[in-house]
Amino acid sequence: MEGERMRFFRRLVAFTVFFVTAVVNSERSDTRFLLTDNAGGGIRHSEEYCAMYDICGARSDGKVLNCPVGIPSVKPDELLSAKIQSLCPTITGNVCCTEAQFNTLRTQVQQAIPFLVGCPACLRNFLNLFCELTCSPNQSQFINVTSIAKVGSNLTVNGIDYYITDNFGEGMYESCKEVKFGTMNTRAIEFIGAGAKNFREWYAFIGRRAGLGVPGSPYAINFLPAAPESSGMKPMNVSTYSCGDTSLGCSCGDCPSSAVCSSSALPAPPKKGSCSVRIGSLNAKCVEVAMSILYIILVSVFLGWGFFYRKRKMSPVSRTKPLINIPNGGVIRRINSQKDENIPMQMLEDVPQINSGVQLSIVQGYMSKFYRRYGTWVARNPILVLCSSIGIVLVLCLGLIRFQVETRPEKLWVGPGSRAAKEKQFFDSHLAPFYRIEQLIISTIPDNVNGKAPSIVTDSNINLLFDIQKKVDAIRANYSGSMISLTDICMKPLGKDCATQTVLQYFKMDPQNYDSFGGIDHVEYCFQHYTSADTCASAFKAPLDPSTALGGFSGNNYSEASAFIVTYPVNNAIDKEGNDTKRAEAWEKAFIQLAKEELLPMVHSNNLTLAFSSESSIEEELKRESTADAITIMISYLVMFAYISLTLGDAPRFSSYYISSKVLLGLSGVLLVMLSVLGSVGFFSALGVKSTLIIMEVIPFLVLAVGVDNMCILVHAVKRQQVELPIEGRISNALVEVGPSITLASLSEVLAFAVGSFIPMPACRVFSMFAALAVLLDFLLQVTAFVALIVFDFLRAEDNRIDCFPCIKTSGSNAELEKGNNQQKPGLLVRYMKEIHAPILNIWGVKLLVVCAFGAFTLASIALCSRIQPGLEQQIVLPRDSYLQGYFNNVTEYLRIGPPLYFVVKDYNYSSESRQTNQLCSISQCDSNSLLNEISRASLVPESSYIAKPAASWLDDYLVWLSPEAFGCCRKFTNASYCPPDDQPPCCSSNGGSCGLSSVCSDCTTCFRHSELQNGRPSTTQFMEKLPWFLSALPSADCAKGGNGAYTSNVELEGYESGIIQASAFRTYHTPLNKQADFVNSMRAARDFSAKLSHSLKIDVFPYAVFYMFFEQYLNIWKTALVNLAIAIAAVFIVCLVITCSFWTSAILLLVLAMIIVDLLGIMAILNIQLNALSVVNLVMSVGIAVEFCVHITHAFLVTSGDRNQRMKEALTTMGASVFSGITLTKLVGVLVLCFSRTEVFVVYYFKMYLALVLLGFLHGLVFLPLIYVVLMGKGKRKTNSNLGCIFQILK
């Protein structure tokens, strides 16, 4: 917006420049005459003769008119001659101008000098054009008066032919075409030449006769390349200076063709895409080809090994041994066969170690012994266990009294230690916070036939814009009893008017000016002359670039624009809790309410569309998001609860279902999950950690999905025990059977979730911390409170008490129920696993096919990973019905300018002894590889640099402002105080009178003479003394380089007296950034660019844009993801290794988990899910969740004896059904409900990713993992006879 503020004086400058460049030989006039026939026939065209001399009148607008007098040139006095040569060194001897004409020339060209003084060669050529026209002693040889007019009683010049060679025109244009006007981030030719593309267009602009009050020449100047031979005239052909001339050298930014600059290589061209290989018509990436070759090799080796193994003589296999429950030594024996005899509890506790059984690891043995004793103790003391465990969690819940929710985006997505956060804090505290943006986008609706949107620049639409502006101006927001309006909070760079960016500025924001200024014609005129015409200047006195107020156009075809973009810059404050911020937020809420309730109907009634946003919109919509999916989440919980209640109970039998059902047990389990979540939130709230909306919405669902699995497995394990056993025996046996695997799964999940706390993004780090503790508490409650609840529920069923109403006891015996339980056939899933699933997997061909298929998908996923883009689309995190959805779409479609980009210099040493001034600036005498020259060079390749324009340089403008050549800028009174330009008070009367004639400023002189500067540069003291003058100097027609408004917040003056400026900024713009990848790449390019410059210049430079803080995470998101995934998988591997003491088992589990994660990444690429902190957290959590699909099958495989095929069949029969019903289906039913979420982030990052995870976990856990164990594992008869057995097993 600072760039927009500067447009104010730009416009003023430009319009006067037009006036300047064309009026050099004229003065002011009072009347305007039409062109007449040639009236200068009596003029002699020869050397030492004039075609015009002296001033004979003035137009009504004050522009002076010369006398068409053909007289010999006149010898000036010594003083006038010295003055003329100081400005026009090519003119010596006689002249064709009076002192009044020369003073007019000098006064007018001073307006153009600030634009060009940075490039001396251009300035000299430009001055020569008008010096020769005004004062050349041979004027008549190339000037022919073609038209005269009568003003009063005098004849005055009304039109001339100016014969001038094309060589001069070409040389002048080439020396000036690249000269930069820093404040506006554009070329000076845009202001003094209306953007001319060649010297002929420049001549046409200069020679155009202006109407009354319009900048330009008071008479027509017709530039011609050659004079008629019969006239005896010769074209003016003064030598021109190249911008690369060493004596008048320009900077590389102003003269890229200079020899010293051509040696500086341009920035590298845009990087090409990743390596690719063309195979016929197919263009494949190198990684894809590599994965294909690797797959062919691996499949060939695997098939070769398979055929070789097939031919080997297979040794006889032993029969499958059942799982055995052994209290001492860790041997487990299954007691679920109907042929088994009833074993009393005492016998179970005293069974000796069976040598022919399967020997588990030392750790598993200790775990089995612990769970044996613990299960018995819980079954005997259920009330104590239930009350104590719940009591501890309730104590943690007390921390909820300090519960707070963090909704500020910068606190959610940016780590406090991040580089971007530190740079933002430095920028805000040393310079100024970036302004707040309130915006309206009004657009036309595309045609149904050709899909092209009609132009929005019509009378009715502009009148509608005035109506909308009237309503916005009328907003009054109540804050602490005071009424806040836009004028109270808006940014006002140079006066009392808001710097609103809208085409209404071409009418000074006044609807009364619409018809008087010319309506649509005036708008279209300003599109092309916004930098020059005074009538196009904004109400806040800056030029308004139409590209900031229009959208949907191509190139510079502003009239084709299909959208009005209205931007209200509002002052920002560092303190987000202060009154200034609260006042702005109060107005913003009223602004959004107005847009919804009044502006939308207005715009729609005119067959237009409206999108709108405020600075606080995202934060407010994120708050609303917390309630947008409350119903969806509750339905998901209810569905999971209903499923739990069904799966925990026995097969429905009408006669006994009201007793055998487990609805109350399922509800109790869900409540325990909620308690674990509340305990986690309470614990961290007590520590002062704020919660987030993601925690409130996702963690309950996540913990419920994880906790339900263990609940189902525990209940199913108890139900598998013989009813004849006492309840203590059934509980202890069940815990021995599934306790180790539940412990392994839960510890793995906790560690995997905890790894997410290393992610620097606060929202994801806090989420991971809360989730890890919640899962840990849930596990502890499951093995304590839930086991106690199982005891109560089974005692209830045995006592014939009704589920959900345990106080009601039915009559009769439970013998029928017990008989049913004893004679109950295996369930459908158990029979499927035993009779269909396992036998199919035992087929040799199926094994080969499954391994090849899973390997193919994993390698394909590795290749697809390169297609995953970093980022997080803003539309995804918002509710689908949010008004910001349409706004962000319109921003992408219509905006034609990119975000402002600042290059911030820290500790700039401006002292005379330092070279840093020349290392930074880009005007004459500056280093060719200076910061600003390099920025200008980078803007030539925006495809790779993402820099759209050269930088606006306060340093360049300050040095020009100080220069004696810019004699209208830095001036002082006789008392050494600051003297403003002649067109500003007190030099210019504030009541609208004539400027420059006041005696107040008649004695003002330039701040410095050439002799007082050191090689054209100020001394340390001079720099220090005049810098505050520059920053407070208002820009105007006489001096466009004033720094007030343009650079007020770009330089920190605190402590600058020491010779060090702690912070200063040079502003440019990024190219339009439409995709997340564009934002990430632009930030990376800017940082690489500044790092390179910092290293070469030995100056601390960093880039800053307001969006950097939110996109920094994506610069290294892949590294963050891979490191955290590696840590999570390694943690699971270590836990599994410690518990199983089997390296191969742990390694296979690690392989399968890695395959699941890689496959999930491949699905992310297929579904176009971006890589960001949310997906990284999901991937890390996927490691923990995927463990559940694998660890129970792994444990069952380990504790089963027999050959590999028998062990696989027994593991699938024992645990396969539990994994499918208790893990897969519970997660599946809960995840499916999320597809109806109103927030896209739930659909993309929770429904899609979790659904893919559930399916991948099911396939890998129940299909691929058993086969891998069959292929890679040997027989399961491992024995340990000492405490060193675990070590031997690992080394084995």
Side-chain angles (χ1 to χ4, degrees), residues 272-279 282-303 752 755 848-871 1077 1114 1116-1130 1132-1133 1147-1172 1174-1187 1189-1190 1244-1245 1248-1261 1263-1265 1267-1268 1271-1272:
K272 296 183 178 180
S274 57
C275 170
S276 60
V277 177
R278 181 169 293 277
I279 305 174
L282 179 64
N283 191 25
K285 292 185 177 182
C286 292
V287 65
E288 297 170 351
V289 176
M291 291 299 102
S292 300
I293 296 174
L294 178 61
Y295 177 70
I296 294 173
I297 294 174
L298 291 178
V299 168
S300 300
V301 171
F302 179 71
L303 291 178
V755 167
L848 295 181
L849 181 62
V850 168
V851 172
C852 291
F854 277 76
F857 191 77
T858 299
L859 294 178
S861 297
I862 295 175
L864 289 171
C865 285
S866 61
R867 301 179 183 271
I868 300 176
Q869 295 294 325
Y1114 304 123
N1116 298 305
I1117 192 69
W1118 271 110
K1119 178 181 177 181
T1120 301
L1122 294 178
V1123 169
N1124 282 277
L1125 286 172
I1127 295 174
I1129 294 177
V1132 174
F1133 173 78
I1148 291 174
L1149 185 62
L1150 182 146
L1151 171 66
V1152 175
L1153 291 178
M1155 290 179 65
I1156 292 175
I1157 300 304
V1158 170
D1159 292 349
L1160 187 57
L1161 286 169
I1163 291 178
M1164 286 176 59
I1166 295 172
L1167 299 179
N1168 292 321
I1169 298 177
Q1170 294 173 305
L1171 188 67
N1172 48 58
L1174 287 177
S1175 52
V1176 169
V1177 169
N1178 283 345
L1179 288 169
V1180 172
M1181 291 191 301
S1182 297
V1183 176
I1185 294 175
V1187 168
F1189 292 95
C1190 303
V1244 174
Y1245 291 98
K1248 291 183 179 180
M1249 286 194 69
Y1250 282 2
L1251 178 61
L1253 172 63
V1254 170
L1255 296 178
L1256 289 173
F1258 162 72
L1259 292 173
H1260 283 79
V1263 178
F1264 183 72
L1265 180 64
L1267 288 185
I1268 288 296
V1271 172
L1272 299 180

Query raised in the report: Who pairs with Ile1127 by side-chain contact (heavy atoms from CB on, under 4.5 Å), at least two apart in sequence or on another chain?
Result: Val755, Val1123

Hey, what do you get for [atom1] ([X]) to [atom2] ([Y]), rounding to the nearest 0.5 Å?
X: Phe1258; Y: Leu1253; atom1: CZ; atom2: CG; result: 13.5 Å
X: Ser1182; Y: Leu1161; atom1: OG; atom2: CG; result: 9.0 Å
X: Met1181; Y: Asn1124; atom1: CE; atom2: CG; result: 12.5 Å
X: Ile1157; Y: Leu1122; atom1: CD1; atom2: CG; result: 11.5 Å
X: Leu1160; Y: Ser861; atom1: CG; atom2: OG; result: 9.0 Å
X: Ile1148; Y: Phe1264; atom1: CD1; atom2: CZ; result: 9.5 Å

Query raised in the report: Is the centre of the Phe1189 ring less than 6.0 Å from the centre of the His1260 ring?
Result: no

Is there a side-chain contact between [X] and [Y] (heavy atoms, below 4.5 Å)?
X: Cys1190; Y: Ile1156; value: yes
X: Ile1163; Y: Met1249; value: no
X: Val1132; Y: Leu1150; value: no
X: Leu864; Y: Phe857; value: no
X: Leu1153; Y: Phe1133; value: no

**Report entry** For Tyr1114, the option from Asn1172, Thr1120, Leu1171 that meets side chain to side chain contact (heavy atoms under 4.5 Å, CB included)
**Finding:** Asn1172

[X] to [Y] - nearest heavy-atom pair and separation:
X: Ile1169; Y: Ile868; result: O-CG2, 3.7 Å
X: Arg867; Y: Ala1165; result: CB-CB, 4.4 Å
X: Ser1175; Y: Met1164; result: CB-CE, 3.8 Å
X: Val850; Y: Val1263; result: CG1-CG1, 3.8 Å
X: Gly871; Y: Gln1170; result: O-CB, 3.1 Å

Report task. Applying side chain to side chain contact (heavy atoms under 4.5 Å, CB included), run through Phe854 and Leu1267 and close with a yes or a no. Result -> CA-CA 11 Å; Phe854 277 76; Leu1267 288 185; over 6 Å; no

